[in-house]
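Because only heavy atoms are used, hydrogens play no part in the values below, and waters and symmetry mates are left out as well, while side chains stay in.
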Amino acid sequence: MTRKCYVTTTIPYVNAKPHVGFALELVQADALARYHRLLGRDVRLQTGTDENALKNVLAASERGVATQHFVDDNARAFRDLCPALGVAPDEFVRTTEPRHRRAVERFWQRLRADDIYRKKYTGLYCVGCEDFVLERDLVDGCCVDHGKPPVRVDEENYFFRLSTYQSQVEDLIRSDRLRIVPQTRRNEVLAFVRQGLQDISVSRLAARAGGWGIPVPGDPSQVIYVWIDALINYVSGLGFGTSDGWDEYWNDDTLKIHVMGKNVWKFHAVYWPALLLSAGLPVPDVVAVHGFLTQNGQKISKTLGNTIDPVDCVREFGLEAVRYYLLRAIPSFDDGDFSTERLKGVYNADLANGLGNLVSRLTTLCSRAGFCCYVGAASPAAPEGYHEAWSRYEYDGALAALWKLITVVNQEIDRAAPWAALKAKDPGSVHGHLERWLGVLHSIAYWLAPFVPRASQTILEMLARDPIVPSAPLFPRLVYLQ
RNA sequence: GGGCUCGUAGCUCAGCGGUGAGAGCAAGGGACUCAUAAUCCCUGGGUCGCAGGUUCGAAUCCUGCCGGGCCUACCA
């Protein structure tokens with residue numbers, strides 16, 4: 001129980017402003033961190049930005065600005081997204097920071113010497129993909145995903161002997177020492193590993209990278225492959241390579257959780273553990289993979305720029321509404337749709353009519369009945385199914401467990417009809433009921449903290465008041481005229 | 001081309017071999033008034049993507065097809 005916990009998001013590349021897809025990841029990771037904190041654990045939450053990608057260089061040059069300027073600008077937008085969503089990371093890593101660069105160099109040097117070798121490589125390289133593509137996959141000579149022609153590349157790169165780690169990685173996953181959630185994703189990773197791991201290229205010609213990126217130690221003609229560089233943020237942010245006490249949150253007694261989208265599990269569940277094994281460092285414990293968001297049913301595309309700005313959305317509906325929507329109405333692991341229409345619907349049904357209205361009716365009843373000072377347990381029992389859902393990383397499930405109680409209390413109030421006793425001038429007879437209902441509300445509010453921390457705090461404060469007074473609407477109902 | 005995955009009420013999803021297919025939201029009706037036109041109760045609504053097969057029995061297993069998604073692949 002005294003275990004420490006380390007939660008990370010992936011670090012998005014900053015060639016554009018953040019969209020709701022990343023907001024989902026940030027909010028999931030934040031809720032996870034808050035949940036473990038609520039359980040009394042020593043938790044560290046980290047996010048950041050991946051700035052060494054060649055894509056950033058290209059995006060900057062398209063706009064005619066210096067790359068550093070460009071990434072500084074966009075990194076700020078990502079950093080600002082945190083407070084907008086009520087997320088307070090303990091660390092925000094930018095991969096262009098000197099401390100990260102040093103960490104990457106040290107990490108590279110720490111890899112088993114045998115695991116790194118040089119090999120000649122030739123192929124067509126798509127800058128958008130940051131990867132090699134095949135001729136027959138091209139349409140009109142262009143990459144299907146990026147609409148641009150790839151460049152012919154003939155160069156010698158450094159390779160990492162990933163193949164050596166196949167059975168070790170497979171064992172980690174099979175034994176759940178490295179747990180991959182959900183299960184379907186775990187099956188997918190295992191199938192991938194079993195089909196055989198090829199060694200991977202871990203550097204690029206510096207000239208082709210536009211001089212951007214972290215040079216290979218001892219060979220400035222090469223820069224480290226951006227994915228390797230990016231993964232190392234999980235330890236560089238802790239001080240790896242720059243601080244002696246860096247492993248306070250990266251050791252076998254810390255529950256290390258990486259939260260990410262379904263497109264990057266290969267890097268986190270396969271490459272990263274192998275690299276860590278090679279470097280003689282502990283591997284992560286959990287790889288939690290979420291799905292993708294569509295927007296009004298359409299694929300979100302950074303390049304098309306058809307994206308809802310999460311900050312605008314927060315401005316319109318409030319950060320708690322956006323957090324709630326992302327955690328409740330989006331399946332924890334599958335793809336989901338983000339639409340403001342649905343957001344409004346969920347807000348009114350669950351937050352305004354559900355939680356908010358229950359708080360209103362209870363505080364008013366207390367006030368009328370002259371019920372003062374509710375004293376609850378410091379840490380009330382969680383509703384049935386709540387912790388179980390968390391153990392499966394099912395955010396929506398944990399919230400469903402809480403909302404079930406809201407319905408129960410509403411039903412009980414209706415059945416008990418306390419207003420009748422109040423009219424009969426017998427307020428004392430409803431105190432027993434109120435005591436129970438406030439107890440349930442207290443539990444709801446307490447365990448709601450990971451999801452909607454402000455509402456949780458507000459309700460807990462209302463309950464602690466002496467006397468309890470009628471409250472203003474917690475989540476005012478949204479009314480829209482057609 | 002291959003792997004994996006999704007396709008179940010208007011919407012979002014649960015069920016994943018066995019009593020007449022479920023929940024929430026939305027819709028319709030009723031009750032109530034403490035509450036944010038709220039809440040509570042009841043109701044309607046589905047060829048479980050399509051076509052075969054296995055089985056005493058399939059939404060649930062198998063095959064093929066159609067459609068969405070993620071990943072992956074030097075030829076086969």
Evaluation steps, salt bridge (charged side-chain N to carboxylate O under 4.0 Å, His left out), between K119(A) and E156(A): CA-CA 5 Å; K119(A) 189 172 119 185; E156(A) 193 171 75; over 6 Å; no

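- Residue P470(A) is classed as having no contact, given no heavy-atom separation below 4.0 Å to the nucleic acid.
- Taking the C1' atoms as reference points, U63(B) lies 48 Å from G29(B), given to the whole Å.
- Nucleotide G24(B) holds its P atom 15 Å from the CG atom of L405(A), rounded to whole Å.
- Distance alone, capped at 3.5 Å, places no donor-acceptor pair between the S367(A) side chain and the T363(A) backbone.
- Residue whose closest nucleotide on RNA chain B sits further toward the 5' end, between L358(A) and R342(A): R342(A).
- In this structure, K404(A) atom NZ and A14(B) atom C1' are separated by 11 Å, rounded to whole Å.
- Atom name C1', nucleotides C34(B) and C13(B): the rounded distance is 33 Å, in whole Å.
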Working for side chain to side chain donor-acceptor pair (under 3.5 Å), residues K17(A) and N74(A): CA-CA 6 Å; K17(A) 300 272 188 261; N74(A) 280 332; 3.2 Å; yes

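- Nucleic acid contact for R477(A): base, since at least one base atom lies under 4.0 Å from a heavy atom of the residue.
- Nucleotides C16(B) and G7(B), compared at atom C1', are 14 Å apart to the nearest Å.
- Among the atoms of the strands shown, none is found under 4.0 Å from any heavy atom of R415(A).
- Without hydrogens or angle criteria, R112(A) side chain to S278(A) main chain gives no donor-acceptor distance under 3.5 Å.
- Side-chain N/O atoms of K423(A) include one lying less than 4.0 angstrom from OP1 or OP2 on C34(B).
- Pairs of Watson-Crick or G-U wobble type, with distances under 3.5 Å, assemble into runs of 3 or more in RNA chain B at these ranges: B:1-7 with B:66-72, B:10-13 with B:22-25, B:27-31 with B:39-43, B:49-53 with B:61-65.
- In summary, K262(A) and E188(A) do not engage in a salt bridge, as defined by a charged side-chain N under 4.0 Å from a carboxylate O.
- Looking only at distances, a side-chain donor or acceptor of D199(A) sits under 3.5 Å from a matching main-chain atom of L162(A).
- K256(A) has a carboxylate O that lies under 4.0 Å from a charged side-chain N of D285(A), or vice versa, which qualifies the two as a salt bridge.
- Rounded to whole angstrom, the span from the CG atom of D334(A) across to the C1' atom of C13(B) amounts to 9 Å.
- When rounded to the nearest whole Å, the span between NZ of K344(A) and C1' of U12(B) equals 18 Å.
- Using the six-membered ring where Trp is involved, W272(A) and F107(A) have ring planes that are parallel, under 30° apart on the 30 and 60° scheme.
- Across the P atoms, G49(B) and A14(B) are found 13 Å apart, a figure rounded to whole Å.
- Here G24(B) presents its P atom at 13 Å from OH of Y324(A), a figure rounded to the nearest Å.
- The nearest whole Å value for the distance from the CG atom in L402(A) to the P atom in G24(B) is 17 Å.
- The side chain of L474(A) lies closest to U36(B) when the candidates are C34(B), C11(B), U36(B).
- Rounding to whole angstrom units, CG of residue L362(A) and P of U36(B) are separated by 13 Å.
- The distance between atom CG of D396(A) and atom P of U12(B), rounded to the nearest whole Å, is 15 Å.
- Distance noted for atom C1' between A51(B) and A31(B): 49 Å (whole Å).
- Separating the C1' atom of G57(B) from that of G17(B) is a span of 8 Å, rounded to the nearest Å.
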Is there any protein nitrogen or oxygen under 3.5 Å from a nitrogen or oxygen in nucleotides 39-46 of chain B, and what are the pairs?
from   : atom 1 : to      : atom 2 : distance (Å)
U39(B) : OP1    : N353(A) : O      : 3.3
U39(B) : O2'    : R361(A) : NH1    : 3.0
U39(B) : O2'    : D414(A) : OD1    : 3.1
C40(B) : O4'    : D414(A) : OD2    : 2.9
C41(B) : OP1    : Q411(A) : NE2    : 2.6

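- Going from the C1' atom of C62(B) to that of U54(B) covers 7 Å, rounded to whole Å.
- Annotation: the span from S456(A) atom OG to L38(A) atom CG amounts to 8.0 Å, rounded to 0.5 Å.
- Crowding of R194(A) atom CZ: a count of heavy atoms from other residues, nucleotides or ligands under 6.0 Å exceeding 12.
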Dump every N/O contact between nucleotides 66-71 of chain B and the protein below 3.5 Å, one line per pair.
from   : atom 1 : to      : atom 2 : distance (Å)
G69(B) : O2'    : K262(A) : NZ     : 2.5
G69(B) : O2'    : D335(A) : OD2    : 3.4
C70(B) : OP1    : K299(A) : NZ     : 3.1
C70(B) : O2'    : K262(A) : O      : 3.2

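- Distances were taken from every side-chain heavy atom of T184(A) (C-beta onward) to each of U36(B), U5(B), U72(B); the shortest belongs to U5(B).
- Contacts of G345(A) with the nucleic acid, taken as non-hydrogen atoms under 4.0 Å apart, are absent.
- Ring pair Y386(A)/W390(A) is perpendicular by interplanar angle, where above 60° counts as perpendicular and below 30° as parallel.
- Distance check on atom P: C48(B) versus A58(B) gives 13 Å, rounded to whole Å.
- A perpendicular orientation is assigned to the rings of Y158(A) and W108(A), their planes being inclined by more than 60° (bins at 30° and 60°).
- Relative to the ring axis of Y13(A), K55(A) places its NZ or CZ within 45° and under 6.0 Å from the centre.
- Using cut-offs of 30° and 60° for the angle between ring planes, the F267(A) and W227(A) rings count as parallel.
- Among the atoms of the strands shown, base atoms are found under 4.0 Å from some heavy atom of P476(A).
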